[in-house]
Amino acid sequence: TMKAAEENRRVLVIDDDPAILKLYQEILTKSAPIPSNNYFNMVEAPQTEAEENQSEEYFDVTVASSGQEGIELACAAHDKGSPFPIAFIDMRMPPGIDGLETARNLRKLSPWIYIIIVTAYSDRTIDEIQQALEHDVIFLQKPFVHDVIFQLARTLCRSWNRDRALERAERREKYGAFQDGLSEMSSIVLDNIGNMILGVESSCNRVIETCQQINKVGDTCRDLSQELDLAQQKEDLNSLKKLNQQMIEVGRTLPDVLDRALWPSHSSLDSVQVGIEHIIKVLNIQRGNTLSSNLSDNFSMLQLIDDLLLLISKESKRAVINIEPLIESSLYELSLPRNKLLNTLINLTQNSIESIQSRIKEKALPPSEGKIILRVSIINNQLNISIEDNGSGIDPSIHSQIFEFGYSTKQGHSGFGLHAAGNFIGSCKGSIKVKSEGNNQGTQVHMTLPTII
């Protein structure tokens, strides 16, 4: 159980009446005396034992006099990693946005916030509000009694903290299972690859032995040639006759010697090629299994971007490439397959780094001028991610092929990265587009994903 000191006990109150805001603070803050129940001309009742115990608990109350101010405070709290578990919201707050629009924006920022609509009059029906906000909405009529507010704050804060603790435990469990699966798979893959490497090593040793045999034949021919030249200089007819005969015999046997040496070598080289192809297939299977989980996780996109920049920092610094993240400050929590999304972004960013390095190598871009821009925003409940680079670009004629399995414009590459990215984004019912004006014109990759699946 989470200790009270570790719990998030932040409460956001949005109301255009300063007296109401003061009352909330009196009810919920630690040092304030418990206010009288007759604030709204209700019958004053003696303080109960439960009410006396309330003074031992407290909440961190933040107040706002308009919906827009409340949204801004919630955004700032979210960016600092301290979101509000609950919000008390008045419905009528002229001349700005009303309580429903305020609550809708808070719910976009954090899908798990509890909304308490507190109002005496409303231009919206309960059904309309419930349909718009879908879940975790409570309605409270003014005038209210202070202990109702306190009990709601205490119960909902505890529920919010308990749910977040369960989510963290579930993420740890998923990550542990994910790591266990990787360890088991890695062991199998390493054994498989280890056996193939031993076979490849044996084949390579046979090729080396073949080369040594051919070198011996070459040494023999060179020695005979040198002796023949020396005999000609000395005009030693007996030696010339003897050496000529030896050369003829060597010439006759040479094809057989080479055949005996080279045919096993051909077989060994074929074995090497088959072994390498097998290793590549096994690695691709391992990569596919690593990225195969479609389980969604609740996570912060800001934290994921930090992880991405950390993981690719070594490569980008070594290549002297500037990565500029342009991240929307009000990104809220998402529910997507986090590991797959992170690996997709790593693959795409590495593609950009390699593309820039290629352009620099061709002297079409000065060193240290490589640049990658990473844009992340949420528009209409859709996560938008763009990766733009000033690398070698892509020929427009092959745009339709780049997501095909095994297709790559880079020699020695598997062509798996973009294919896997396309499959992942498609499985999330998102979209991915690649745009490039041509060679040395850079590339833009734009992805759109739902925020929750």
Side-chain angles (χ1 to χ4, degrees), residues 8-28 39-40 59-144 148-149 152-153 156-157 160 300-302 327-335 376-384 450-452:
N8 183 342
R9 301 177 65 82
R10 306 195 68 208
V11 176
L12 177 62
V13 179
I14 306 174
D15 198 299
D16 61 345
D17 186 340
I20 297 292
L21 296 178
K22 182 180 178 182
L23 177 61
Y24 276 108
Q25 291 175 315
E26 291 174 348
I27 293 171
L28 298 174
Y39 184 84
F40 289 103
F59 299 88
D60 181 3
V61 179
T62 299
V63 298
S65 58
S66 69
Q68 185 59 43
E69 183 186 1
I71 293 168
E72 291 172 358
L73 289 169
C75 287
H78 185 273
D79 290 346
K80 293 178 181 178
S82 300
F84 291 101
I86 62 175
F88 291 91
I89 306 174
D90 185 24
M91 184 54 71
R92 285 186 175 182
M93 295 181 288
I97 60 176
D98 68 3
L100 177 57
E101 187 62 27
T102 301
R104 187 183 286 117
N105 278 278
L106 294 181
R107 182 58 56 78
K108 285 181 181 180
L109 181 68
S110 177
W112 303 277
I113 188 173
Y114 286 100
I115 302 292
I116 302 100
I117 300 294
V118 187
T119 185
Y121 306 97
S122 176
D123 299 323
R124 312 273 192 164
T125 67
I126 291 177
D127 288 341
E128 183 183 2
I129 296 171
Q130 190 72 53
Q131 185 176 6
L133 300 179
E134 295 183 357
H135 61 87
D136 297 334
V137 184
I138 295 174
F139 302 90
L140 191 62
Q141 287 287 329
K142 292 180 180 177
F144 52 77
V148 173
I149 296 295
L152 278 173
L156 296 181
C157 269
W160 189 95
S300 163
M301 191 63 194
L302 294 171
I327 313 299
E328 184 181 272
S329 63
S330 60
L331 286 179
Y332 48 82
E333 288 190 321
L334 307 175
S335 182
V376 184
S377 62
I378 292 178
I379 303 174
N380 297 326
N381 286 330
Q382 293 287 310
L383 174 64
N384 290 268
T451 55
I452 299 176

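Positions are given from 1, in the same order as the sequence printed here. On a predicted model such as this, the values are computed, not experimentally measured, just so you know.
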Inset, instruction - Compare all side-chain heavy atoms of I71 with those of I14 and state whether any distance is below 4.5 angstrom. - result: no

Inset, instruction - Please tell me if the side chains of W160 and L156 come closer than 4.5 Å, counting only heavy atoms from C-beta onward. - result: no

Legend entry - Heavy-atom pair of closest approach, residues L12 and G70: CD2-O, 3.8 Å

Legend entry - Gap separating the CG atom of L152 from the CD1 atom of I86, nearest 0.5 angstrom: 7.5 Å

Legend entry - From OG (S377) to CD (Q382), nearest 0.5 Å: 11.0 Å

Legend entry - Expected output: side-chain R10 to main-chain S82 donor-acceptor under 3.5 Å: yes

Inset, instruction - Side-chain contact test, heavy atoms from C-beta onward, threshold under 4.5 Å: evaluate it for E333 versus M301 and give yes or no. - result: no

Legend entry - Of I116, L100, L106, the residue whose pairing with I89 passes side-chain contact (heavy atoms from CB on, under 4.5 Å): L106

Legend entry - Shortest non-hydrogen separation from I115 to A103 and the atoms involved: CG2-CB, 3.9 Å

Inset, instruction - List the steps, then state whether side chain to side chain contact (heavy atoms under 4.5 Å, CB included) holds for I138 with I117. - result: CA-CA 6 Å; I138 295 174; I117 300 294; over 6 Å; no

Legend entry - Closest non-hydrogen atom pair between I452 and P111, with its separation: CD1-CG, 4.3 Å

Inset, instruction - Any chance you could lay out the side chain to side chain contact (heavy atoms under 4.5 Å, CB included) test for V118 and Y24, step after step, and finish with the verdict? - result: CA-CA 12 Å; V118 187; Y24 276 108; 3.5 Å; yes

Legend entry - N8 side-chain N/O to P83 backbone N/O, donor-acceptor pair under 3.5 Å: yes

Inset, instruction - Enter the distance from K22:NZ to I27:CD1 here, rounded to the nearest 0.5 Å. - result: 12.5 Å

Legend entry - Exam field: side chain D15 to backbone D17, donor-acceptor pair closer than 3.5 Å: yes

Inset, instruction - Drop me the distance from M91's CE to D16's CG, to the nearest 0.5 angstrom. - result: 12.5 Å

Legend entry - Side-chain heavy atoms of C157 within contact of F59, under 4.5 Å: yes

Legend entry - Check: D90 and T102 side chains under 4.5 Å, non-hydrogen atoms: no

Legend entry - Side chain to side chain, R9 and D60, heavy atoms closer than 4.5 Å: no

Inset, instruction - State the CD1-CZ distance between I97 and R104, to the nearest 0.5 angstrom. - result: 10.0 Å

Inset, instruction - Decide yes or no for E69 and S66: does some side-chain heavy atom of the first lie under 4.5 Å from some side-chain heavy atom of the second? - result: yes

Legend entry - For F84 against V11, the heavy-atom pair lying closest together: CD2-C, 3.8 Å

Inset, instruction - With the side chain counted from C-beta on, respond yes when I378 and L334 share a heavy-atom pair under 4.5 Å apart, and no when they do not. - result: yes

Legend entry - Atom of I113, atom of A87 and distance for their closest heavy-atom approach: CD1-CB, 4.0 Å

